[in-house]
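Input: a single structure, listed below in structure tokens.
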Amino acid sequence: SASFISNQLYNISVNTDGDLTVHWNKQNMNVVQSFHYYIGAEGNNKNFINRSSGAYIFRPKELSARNFAYSGSYKIYKGPVVQELHHTINDWVSQVVRIYSEEQHIEFDWLVGPIPIKDKIGKEIVTRYSSNLQTDKTFYTDSNGREMLKRVRNYRPTWNLELMEPISGNYYPVTSKITLKDEKKQLKLNVLVDRAQGGSSLEDGDFELMLHRRLLKDDAFGVNEALNETAFGEGLVVRGTHYLFGGKVKNMDTFVLKEKELALKLALHPWILGASVNLTNIENIS
Amino acid sequence: DESLEYFREAMGVMQHHDAVSGTEKQFVANDYSRILYESMDHAGEIISKAIGKWSGMESSTAASFKIFTCLQLNISSCAFSEKSDTFMAVVYNPLSRPVSTYIRVPVQGNSYVVRSLIDGVYPTVQIVPIPEGVQKIPGRKSNATNEVVFRALDIPPFGILAYAIAKKIQENVVEQPQ
């Protein structure tokens, strides 16, 4: 029991490649979650083709993301309130995966940075959720918390599209949610985000979200400096949360209601404040 | 209230498209952090007043009632909770519907008891370690190594729940000679 965390809905473990696998117990659905990075394009900015990846544009140098060499480990903590899987990928990428006893979602608390740049290569880190859903090039992203918009890979509804940049050309803003649907199996997979991020589905059944970027060249769109933020003399470290939530869409109303509640809870999480109290015995508090 | 003026000014500045999208220069980003921090700092008093009034704690504890913000909970750091053996956690729900959620409070010890101040109930508590990666974040000045986790049940809309959190004192067991 020390190699996985589970409840009545899920079974979560780490596979030999160091990726996380989520298996739904009662549904034919599984997800592999992994971290990858893109190398940012660098150019002289003299014309559009030579523009660098920067604050305003995401422009990877290569046609696919690179894998991290897994040098990490994981630890599991189980208790009556929460089960946690502390997963380290390398020195600067790690996460805590949580399942709470009275919640249906899986919480991914990711931590990325400081992104090393000693090799003088700008990097853009993504997390990818790859499922067995048949999605037919289609995924959905929200529009500032309003309606979900249908996105089709390599397609625009009002003109014939020929994408010169197949990765960034398929990236869309994800302000609160990204969704996949398998129309045949009637299965749905969502990730709710705690901040606006870029996201896409570059292969059927998977989606990815941009977590952190550190780039070494200005993109010449006006900011006039590279997206190379530092604090305390090192690159920034970012920590954030994704809620993974999915299953059968038999009862659509209940499903959507749960999703909305969860999204609100993540975006407007209760505030935790402290107050001093003069106590000698906790039993005496009325 | 004068202290709200800082928030109003911050709201004005933070509507700039660079503040929304994060395309500002580094110096400007630092300035935004300063503006937001100062707004929260000045709001401490008004938050204390409001919560003291709603909860009735202001009158029962007189002038000593003061609320402390934990602005670094995102990196599992809170000077207030990790330095005290006994403290109160006040949970405010900013939504217009009741919410039940899990509360995580960074601490140094490894055994705590939590009691609801509303109904006296003791929620189930679990202590989980803060991951090493988080503890090593540059600039994180915290001695917290664990988090107290418990479920706050049915926090009222725009309302608060308060919990007393105390370190459990390990009783010394004196073994009797046989």
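Lettering of chains follows the sequences in order, A, B, ..., and the numbering in each one begins at 1.
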Return the [atom1] to [atom2] distance between [X] and [Y], rounded to the nearest 0.5 Å.
X	Y	atom1	atom2	answer
Leu95(B)	Glu261(A)	CG	CD	10.0 Å
His269(A)	Leu73(B)	NE2	CG	9.5 Å
Phe80(B)	Ile272(A)	CZ	CD1	13.0 Å
Ile130(B)	His86(A)	CD1	NE2	9.5 Å
Asn30(B)	Glu229(A)	CG	CD	9.0 Å
Leu264(A)	Ser96(B)	CG	OG	8.0 Å

Which bit of [X] is near chain A, if near means a heavy-atom gap under 4.5 Å: side chain, backbone, both or neither?
X	answer
Val91(B)	both
Val149(B)	both
Ser100(B)	backbone
Ser76(B)	both
Ser81(B)	neither
Thr124(B)	both
Val20(B)	neither
Asp18(B)	side chain
Tyr102(B)	both
Pro123(B)	neither

Determine whether more than 12 heavy atoms belonging to other residues, nucleotides or ligands lie under 6.0 Å from atom [atom1] of [X].
X	atom1	result
Lys25(B)	NZ	yes
Glu165(A)	CD	yes
Tyr37(B)	OH	no
Gln108(B)	CD	yes
Tyr70(A)	OH	yes

Scan residues 72-116 of chain A for pairs that pass disulfide (SG to SG under 2.5 Å), counting only residues two or more places apart or in two chains.
none

By a 4.5 Å heavy-atom criterion (distance strictly below it), what part of [X] contacts chain B: side chain, backbone, both, or neither?
X	answer
Val96(A)	side chain
Leu273(A)	both
Arg195(A)	neither
Asn224(A)	both

Return the orientation label for the Tyr92(B) and Trp271(A) ring planes: parallel under 30°, perpendicular over 60°, tilted otherwise.
perpendicular

Partner chain A: residue of [options] with the largest heavy-atom pair count (under 4.5 Å):
options	answer
Val125(B), Thr101(B), Thr69(B), Asp85(B)	Thr101(B)
Pro129(B), Ser84(B), Gly22(B), Gly133(B)	Pro129(B)
Pro94(B), Ser21(B), Cys78(B), Ala29(B)	Pro94(B)
Val134(B), Ile155(B), Val105(B), Val28(B)	Val134(B)
Val99(B), Val128(B), Ile118(B)	Val128(B)

Contact winner vs chain B - Ala231(A), Gly113(A), Gly54(A), Ser101(A), heavy-atom pairs under 4.5 Å
Ser101(A)

Listed by residue number, which members of residues 235-243 of chain A have a heavy atom under 4.5 Å from any heavy atom of chain B?
Val237(A), Arg239(A)

For Glu225(A) and Gln26(B), which heavy atoms make the closest approach, and how far apart are they?
OE2-N, 2.6 Å

Phe150(B) versus Val81(A), closest heavy-atom pair with distance
CA-CG1, 4.5 Å

So does Arg104(B) pair up with Glu84(A), basic N to acidic O under 4.0 Å?
yes

Between Gln126(B) and Val82(A) (side chain of the first, backbone of the second, donor and acceptor by atom type, cut-off under 3.5 Å), is there such a pair?
yes

